[in-house]
> 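I have a structure I would like to understand better, so I am pasting it below and will then ask my questions one at a time.
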Amino acid sequence: MMAADQPMHGVPPSLSAKVVGSFAYLTVKDRLPTILTKVIDTIHRNKNKFFEEYGEEGITAEKQTISLLSKMRNELQTDKPVLALTDGLKDIDSWNQYLQRQQGVQGDQESVSWFKSPWLYVECYMYRRIQEAVWLNPPINDYDVFNEGKTQSFFESQQAVMTLCTYLEGVNKNMEETSKSQLLEHFNKLLKVSLWGNKCDLSISSGQDNSQKTSPIDSLNSLEPFILVDDSNMVWSTLISAQQQEQSGKTTSGRVDIVLDNAGFELVTDLVLADFLVASGLASEIHFHGKSFPWFVSDVTANDFQWTIKQTMAANHKWMSKSGVQWQSYLKEGVWSYHDHPFWTLPHEFYDMAADAPDLYATLQSADLVLFKGDLNYRKLTGDREWDHTVGFDTALRGFGPAPLCSLRTLKANIQVGLQPGQAMKLSSQDPDWMTSGKYAVVQFYSPNSEQ
Ligand code: F6P
Ligand code: MG
């Protein structure tokens, strides 16, 4: 029997639901080896590049990395036990302790195998093992095996990026004369663009092209019926109530943290939203949170973040390059800042954050609003459990709430809470893949301040 039957570490049984397991079997068996094969192929294709940069040492490192990855693919495909990490990186104790916890939950060491463990855990573990294989092999140890796909997805979305930056310029240019209702309209549009930007991730397509080709603003109306829960108005109210009138009459506003998901077009939508929030005075500071190593194929690392801004600055398009220049100066002035923390690349659900990463939890507590982008963050927010669809988002969070928060997510995994009675059944009969196709989305809000 799968570990899916077990409540997870530290979670009070009354607030527990089964960990997603059965769906995992197919994903682990089919999708993960495809991703691994692509990674192996990418490294092999770059053999000459490694030789040019590092000579024979580069070739030896390429061979050894491929050998470690092939070994892992074999372990995966033959359902071998999940092994402890050995690379000595600073998150290693957290990973190995987590494995021990799993062994405790499942009863014996052997049973913590690729097919018999919770999906969230093995999926995260595979990306960490890829990092281990690369890291153990200098001089190619900082090579990003997913870089090619991420840059390609950015370039393939160029037209959409230009449209978006042109729209942003129009909004920002007239900001002084903008009424509150117009501001709300722009806010709604850019929040939704950032939401739908999450359609463009590469792990759902096992690395195949998934870029944005149409105008993101023009598509919004036709996408509206696919938003299953829309708490945008609460996000707006949170931003407005964080604004304070100073004695001088000047209004200061709050800090928004954006827990980023994918590079490529999605990241641009997040940067555009962040730009609008600052330019409109809805926020005075933005903290971006990214990953500290390549993760889930397309997730943003510090390198992707810098690269995207540089490419935007260098674009041969007036409004796109203007946006890039503005973003760079926000970073320089400290209005924007980029952060990464090892917790974001652990398999832990966010319920564990207060105990396992108290420094990160405390950081998020200083935000006025935290936006969590994407599907994986939603899985971690809700503990990747088979919740009944009508269970409240607050219940599924089980006390995680460092600050008012909102999930902007297109549905790619078998978890969804906070629906109306009957809504899920209707969706299942109309569209059996509604939870995994990326066609539907939610804007789901929770505030610890509204709890009594
Ligand atoms: O569906 C495959 C998958 O890798 C999920 O496991 C994961 O939740 C999702 O894709 C990643 O999506 P996102 O980039 O939106 O977090
Ligand atoms: Mg992602």
Side-chain angles (χ1 to χ4, degrees), residues 19-36 38-39 76 114 117-128 130 144-147 149-150 153-154 157 194-212 258-270 288-301 304-305 308 340 344-350 371-386 406-416 433-444:
V19 172
V20 173
S22 49
F23 178 67
Y25 179 71
L26 286 178
T27 318
V28 171
K29 201 165 154 279
D30 300 336
R31 201 177 293 157
L32 298 190
T34 310
I35 291 173
L36 265 179
K38 282 201 165 219
V39 168
L76 194 173
W114 285 86
S117 301
W119 177 33
L120 179 62
Y121 173 54
V122 277
E123 208 177 8
C124 292
Y125 174 79
M126 180 189 79
Y127 291 98
R128 181 59 180 80
I130 295 174
D144 180 346
V145 293
F146 300 121
N147 183 262
K150 290 186 275 193
S153 135
F154 175 83
S157 310
S194 167
L195 169 69
W196 290 113
N198 180 245
K199 253 189 160 173
C200 304
D201 90 280
L202 296 174
S203 73
I204 194 171
S205 57
S206 305
Q208 298 295 334
D209 171 25
N210 201 14
S211 52
Q212 175 78 24
I258 305 182
V259 182
L260 296 168
D261 186 0
N262 303 302
F265 183 68
E266 180 171 1
L267 175 58
V268 175
T269 66
D270 301 332
F288 294 98
H289 300 268
K291 308 296 190 302
S292 38
F293 62 83
W295 186 249
F296 277 72
V297 187
S298 40
D299 283 20
V300 177
T301 62
D304 300 324
F305 190 79
T308 304
D340 49 28
W344 301 123
T345 43
L346 289 175
H348 301 54
E349 53 190 290
F350 294 158
L371 298 177
F372 285 92
K373 292 296 316 282
D375 191 69
L376 179 61
N377 278 330
Y378 192 84
R379 291 171 62 195
K380 288 185 165 189
L381 283 165
T382 56
D384 214 34
R385 274 146 222 272
E386 293 176 359
C406 179
S407 163
L408 298 172
R409 171 229 187 185
T410 60
L411 280 63
K412 301 165 193 163
N414 274 343
I415 302 111
Q416 184 55 54
D433 292 339
W434 66 279
M435 278 197 283
T436 51
S437 59
K439 190 168 143 193
Y440 293 86
V442 289
V443 177
Q444 235 164 353

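Small disclaimer: the values here were computed from a predicted structure and weren't measured. We count ligands from 1, going down the list as the structure has it; atoms in each ligand are counted the same way.
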> Please tell me if the side chains of V300 and D261 come closer than 4.5 Å, counting only heavy atoms from C-beta onward.
no
> With rounding to 10 degrees, what does the angle N262:OD1 / the Mg ion (ligand 2) / D299:OD1 come to?
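Value, to the nearest 10 degrees: 80°.
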> Give a yes/no on ligand 1: does Y378 have at least one heavy atom closer than 4.0 angstrom to it?
no
> Begin from the C-alpha positions of Q416 and Y440 and carry the test side-chain hydrogen bond (donor to acceptor under 3.5 Å, both in side chains) through to its verdict.
CA-CA 11 Å; Q416 184 55 54; Y440 293 86; over 6 Å; no
> With heavy-atom distances below 4.0 Å as the criterion, list the atoms of ligand 1 near G374.
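Counting from 1, the qualifying ligand atoms are 15 (O).
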> Any donor-acceptor pair under 3.5 Å linking the side chain of N198 with the backbone of L195?
no
> Looking at non-hydrogen atoms alone, which of L376, L408, N198 comes nearest to atom 16 (O) of ligand 1?
L376
> With heavy-atom distances below 4.5 Å as the criterion, would you say the side chains of I130 and L36 are in contact?
yes
> Does any N or O atom in N262 lie less than 3.5 angstrom from one in ligand 1, N or O only?
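Between N262 and ligand 1, an N or O pair is found under 3.5 Å apart.
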> Just going by heavy-atom distances, which of R379, K373, K199, K412 is nearest to atom 7 (C) of ligand 1?
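Shortest heavy-atom distance from atom 7 (C) of ligand 1: R379.
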> Measure D261 to ligand 1 on non-hydrogen atoms and call it side chain, backbone, both or neither using the 4.0 Å cut-off.
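Side chain only.
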> What is the name of the N/O/S atom of D261 that is nearest to the Mg ion (ligand 2)?
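Of all N, O or S atoms belonging to D261, OD1 is the one nearest the Mg ion (ligand 2).
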> Are the side chain of N377 and the backbone of F372 linked by a donor-acceptor contact shorter than 3.5 Å?
no
> Quick one: which ligand 1 atoms are inside 4.0 Å of a heavy atom on R31?
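Counting atoms of ligand 1 from 1, those under 4.0 Å from R31 are 1 (O), 2 (C).
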> Show me which atoms of ligand 1 lie under 4.0 Å from any heavy atom of E123.
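What qualifies from ligand 1 is 3 (C), 4 (O), 5 (C), 6 (O).
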> Closest heavy-atom contact between S153 and G264?
OG-CA, 3.5 Å
> Is there a polar contact, in the sense of an N or O pair closer than 3.5 Å, between D375 and ligand 1?
yes
> Is the F293-W344 ring centre distance short of 6.0 angstrom?
no
> For G197, is there any backbone N or O sitting under 3.5 Å from a side-chain donor or acceptor partner on K373?
no
